[in-house]
Every structure is written in C-alpha cells, then in structure tokens.
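Letters go in sequence order (proteins before strands), and every chain restarts at 1.
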There are 2 protein chains.
Amino acid sequence: MVPTSSRETAAPADAEPRPDLRELAAALEGTPAEQGLRERKKRARRAALIDAAQQLVTAHGLDAVTVEMISAEAGVSARTFFNYFETKDDAVLGAEDVGLSEEDIRTFVRGGPTGRLLSDLQSLVASLLTPHAETHGQTVRAMDLLQREPRLLQRHVVWMDRHETQLVELFEARRAVKPFSAGNELLTMLVLLLIRTTFVAWENAGYTGGPADHLPAAVAQLVDLVAVDLGS
Amino acid sequence: MVPTSSRETAAPADAEPRPDLRELAAALEGTPAEQGLRERKKRARRAALIDAAQQLVTAHGLDAVTVEMISAEAGVSARTFFNYFETKDDAVLGAEDVGLSEEDIRTFVRGGPTGRLLSDLQSLVASLLTPHAETHGQTVRAMDLLQREPRLLQRHVVWMDRHETQLVELFEARRAVKPFSAGNELLTMLVLLLIRTTFVAWENAGYTGGPADHLPAAVAQLVDLVAVDLGS
DNA sequence: CTAATTCTTGCACTGCACGCAAAAATTCAT
DNA sequence: ATGAATTTTTGCGTGCAGTGCAAGAATTAG
C-alpha cells in the first residue's frame with residue numbers, strides 16, 4: 001500500500017520512515033549470506049506472501065481474503081503477487097514445485113528399489129514428500145487450512161495434472177522393463193491417495209517428524225483393506 | 001440474446017419468426033407427455049446448455065469458450081446459465097448431483113452386502129455409477145473432454161468435497177457396527193480412485209455397456225497390485 | 001559510474017460468479 | 001378463459017481472479 005522504499009543493504013541508518021515489518025524479517029532470517037540481493041529478496045517476498053496469505057485466511061476464511069489484502073499485508077503490489085503465484089490458493093498452500101530427481105526416476109524405471117510395484121511406488125512418494133521438511137512451519141499451517149477449506153484440495157489435483165505427463169512416462173518406461181497390470185490412471189490416483197493419506201496421518205500424529213515418516217502407515221492401511229477382502 | 005417467445009404448446013403454426021433450434025428439439029425428444037410444461041422446458045434448457053457447452057469446448061477448447069457463448073448457443077441469457085450450473089465446468093461435464101439412496105446407505109452401514117469392506121465399497125460405488133446410464137451420450141462426450149481438458153478433473157474433486165460429509169458419516173456409522181482400520185480419508189480417496197479408474201476402463205472398452213460394468217476390473221487392478229506386493 | 005538486466009508496478013481488460021428486482025412465463029383456481 | 005399466484009428468466013451492477021503490456025525502479029555487470 002504505502003510504497004516502502006526497501007533498503008536493507010548495509011547502508012547507514014538514516015531517517016527511514018517505514019522499515020516494513022516483513023522486509024526486515026527477510027534481511028535477518030533468509031539465510032543471510034547466501035546469494036545475491038535479488039535472490040534473497042525473492043525468497044523474502046515469497047515467504048512474506050505465504051505468511052500473509054496463511055495468516056489472513058486463518059483469521060477470516062478463504063473466501064473473505066482477497067489477493068489485494070494479501071499483497072498489501074506483504075507490502076507488495078497486487079500485480080506482483082501474480083509474479084510469484086499462479087493463484088490465490090497456491091499462496092495459501094505455499095506451493096512449491098517439487099519434482100522427482102533423476103536418481104529416483106532411474107531407480108524406479110529399472111524396476112527398483114524392491115521390484116514390487118507398490119513398494120516402489122511408496123519409495124517414489126517418499127522422495128516426493130521429503131523436501132517439505134525445509135518449510136516445516138508453513139507446511140503445517142497449510143495442512144490445517146486444508147482441513148478448514150477443502151476447496152484447496154483442488155490445487156492438489158492441479159499439481160497432479162501438471163506432473164501427470166511425467167508420471168505416465170515413468171509408468172510406461174517401467175512397464176517396458178517389468179510389466180504389470182495396473183493402469184496409469186490407477187497408479188496416478190494411487191500416488192495422490194498416498195500423499196493425502198500420509199498428510200492426514202502426519203496431522204493426526206501431531207506433526208511429529210516429517211510427513212514421509214507416516215507414509216508406511218498409509219500404505220499399511222491400504223494393504224490391510226485389500227488383504228481383509230482377499231482372505232475371505 | 002434475442003428474446004425468442006417460446007411457444008411449443010400444441011398451438012397452431014402461425015407466423016413465428018424464431019423457432020429456435022434447440023427449443024424445437026426440446027419439444028420433440030424431451031419425453032413428450034411427461035410432466036408440466038415448466039418441467040419439460042427445464043430439462044430441455046439444461047440439455048441444450050450441456051450440448052452447447054460440450055460442442056463448443058470440443059471445437060475450440062475449454063479456455064476459448066465463455067459462458068456467454070454457451071448461453072447464446074443455447075438461446076438463454078448468461079445470467080440464466082448460472083441458474084442451472086454453478087460453474088462453466090459443471091455444464092461441460094453435465095454434472096448431475098447423484099446421491100446415495102437410503103437403501104444403499106442402510107445396507108452399507110449394517111455391514112452389508114458382503115461384510116468385506118472393499119467389496120462393499122465396490123457396491124457403493126456401483127450404485128453411484130449406475131444412474132449415468134440415462135444420459136449416455138452426454139456422459140461419453142464428457143469423458144472424452146475430461147481427457148483433453150484435465151482441468152475438469154478438479155470438478156470431480158469438488159463433487160467429493162460436497163459429499164465428503166455424507167461419506168464420512170457413512171464410514172463412521174459402519175465403523176461402529178463393524179470396526180476396521182482404514183481411515184476416512186483413505187476410503188474417500190479410494191472412492192474417487194475407483195470412480196476414475198472405472199471411467200477410464202469404460203472408455204478404453206469403447207464405452208460398451210454402462211460404466212458400472214467396468215468397476216470390477218478397476219477393483220481387480222487394485223487388488224492385484226497389492227497382492228503382488230504381499231506375495232513377495 | 002554507466003550500461004545491461006531483472007523485477008516491480010500501475011493500468012486496462014476479460015471473464016467468472018452472484019445478488020437483486022423487474023418482467024415474462026407457467027400454473028392454478030374459479 | 002381470465003386473473004391471481006408462483007416460478008423462472010433476464011438485465012444490471014458488483015466484486016474479484018488472473019493476464020498482457022509498457023514504464024520505471026532496483027540490482028548486477030563491466
């Protein structure tokens with residue numbers, strides 16, 4: 001709103017009327033001596049926007065919060081918001097574009113690590129889930145909001161969407177090496193199911209450890225469900 | 001846009017300047033001697049809107065089609081569109097609010113029909129899927145569009161959302177009668193997974209029969225996937 | 001210190017979705 | 001059939017999400 005002339009370079013502390021709250025925090029916590037100023041500011045702004053979004057939505061609900069409010073709270077223009085996030089929901093969730101590493105892909109395709117599809121799928125999901133450990137606080141708040149505002153789950157699906165091509169290629173590649181009967185769509189949905197179930201389990205456990213720690217429990221639930229039916 | 005004075009009562013064919021295409025179709029096919037005129041027109045408009053939406057999106061893609069275009073094509077105002085559908089996507093999918101019958105609910109809750117959770121879940125999904133047999137043509141087109149425009153899958157999730165409360169209640173009620181280990185979220189996601197997998201299987205089979213006919217195959221895929229892992 | 005690069009910002013615009021009240025269409029009672 | 005009651009359509013106005021564009025500010029490179 002008020003144009004805060006950002007100046008967190010190590011300059012003399014002259015009469016600066018508006019030392020914006022969040023920009024200040026940025027200078028401090030954002031891994032101080034990392035890269036260029038540009039990079040640091042980018043991270044800071046991104047974090048500020050996520051914080052603002054989560055805080056406002058927690059207080060007033062998703063529909064009562066506008067992008068303008070979030071931007072104002074974070075001290076940037078509304079237009080800038082969309083330089084950082086595609087949608088309002090993405091900011092609330094602190095959406096990071098996590099992808100699979102080359103390593104993970106190679107292992108999975110060549111039938112690894114265990115040779116059993118479900119178990120290997122579990123490994124794949126595990127490596128998708130681990131990066132979240134960095135932004136722990138934001139992820140936790142995102143999970144809470146995901147319960148209160150189920151509409152946000154849509155974004156999760158969009159994420160699937162974006163990576164569906166990659167996933168399908170992955171499945172096809174492995175199928176060529178080590179055939180299996182399950183269809184691509186089932187596997188894709190299964191990944192989504194595991195991610196969601198894992199997050200819920202993590203939440204129920206009071207957010208102990210990382211999300212990936214609760215993946216085995218999620219898989220166990222599924223296996224048990226099927227096993228009971230088999231042993232009729 | 002142009003106010004077409006609809007008059008498809010069995011009136012004399014006087015000089016009617018605009019015998020709108022779709023309204024005409026309505027008088028013919030819409031189960032002619034059913035209920036009141038109002039009801040028939042409602043169905044007709046709804047069908048016209050879905051047809052228009054699907055046709056336009058098939059031709060130009062989802063993002064190139066506006067609600068105004070759809071409404072114009074169907075011969076109603078844009079405002080009226082939203083009397084029939086909550087979103088543009090709903091019209092494209094021909095979204096019907098299918099719910100579970102009292103009968104289905106009672107059976108499931110008291111541990112039926114088979115007593116095995118997965119099998120009973122299958123029955124539940126089956127009864128969710130059967131009503132689609134009526135609007136066969138529209139459903140088929142919707143499935144095709146769902147492939148070309150994955151964004152539409154979001155709507156599927158919203159549907160889940162809306163019925164999640166009902167589903168969770170269902171699960172809880174059954175849990176009280178016949179305990180099981182699987183969490184509500186896993187079961188909810190499983191329902192979604194089964195629906196999606198079934199539709200895909202139906203599509204791959206060239207839309208033979210009804211969607212529900214391919215549900216067993218979907219379940220089999222899942223069971224097989226788990227079974228292979230168990231028999232390690 | 002200057003030039004090149006990158007990022008932010010304001011402005012304008014399209015489109016979705018909804019509330020409201022007037023007008024049109026349909027049903028109902030007689 | 002006619003007029004009243006009800007339901008539905010429609011036009012108008014509003015708010016908000018999201019995007020393209022070009023000017024200007026900040027950062028970096030030389």
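Checking the phosphate oxygens (OP1, OP2) of D:dT27, a side-chain nitrogen or oxygen of A:K41 falls inside 4.0 Å. Contact annotation: B:S77 does not reach the phosphate of D:dT9 (side-chain N/O to OP1 or OP2, under 4.0 Å).
Heavy atoms of B:F81 sit nowhere under 4.0 angstrom from any nucleic acid atom. Residue contacts shown for A:T66 are limited to sugar-phosphate atoms, with no base heavy atom under 4.0 Å away. A:E86 comes within 4.0 angstrom of sugar-phosphate atoms only, judged by non-hydrogen atoms across all strands, and of no base.
Rounded to whole Å, atom P of D:dC12 lies 12 Å from atom CD of B:E68. Atom CZ of A:R155 is separated from atom C1' of D:dG18 by 11 Å (rounded to the nearest Å). Computed from coordinates, the A:L37 CG to C:dT8 C1' distance equals 15 Å when rounded to whole Å. Remark: P of D:dG18 and CG of A:N83 are 14 Å apart, rounded to the nearest angstrom. Rounded to whole angstrom, the span from the CE atom of A:M69 across to the P atom of D:dG15 amounts to 12 Å. At whole-Å resolution of the value, CG in B:D63 and C1' in D:dG20 are 16 Å apart. One atom, CZ of B:R46, and another, C1' of D:dT8, lie 16 Å apart when rounded to the nearest Å. Rounded to whole angstrom, the span from the CD atom of B:E39 across to the P atom of D:dT6 amounts to 19 Å.
Taking a 6.0 Å sphere around CD of A:Q166, one finds it holds more than 12 heavy atoms contributed by other residues, nucleotides or ligands.
Closest approach to the A:K42 side chain among C:dC7, C:dC18, C:dT9 is made by C:dC7 (side chain taken as heavy atoms from C-beta onward). The side chain of B:Y84 approaches D:dT8 more closely than any other nucleotide in the set D:dT8, D:dT10, C:dT8.
Between the side chains of A:T80 and A:S77, at least one donor N or O lies within less than 3.5 Å of an accepting N or O.
Judged by distance alone with a 3.5 Å cut-off, no donor-acceptor contact links the side chain of A:R38 to the base of D:dT28. Remark: the B:R79 side chain and the C:dG19 base include a donor-acceptor N/O pair separated by less than 3.5 Å.
Taking CZ from A:R46 and CD from A:Q138, the interatomic distance works out to 8.0 Å, rounded to the nearest 0.5 Å. How far CG of A:L222 is from CG of A:L193: 6.5 Å, rounded to the nearest 0.5 Å. Expressed to the nearest 0.5 Å, how far CD of B:Q122 lies from OG1 of B:T198 amounts to 8.5 Å.
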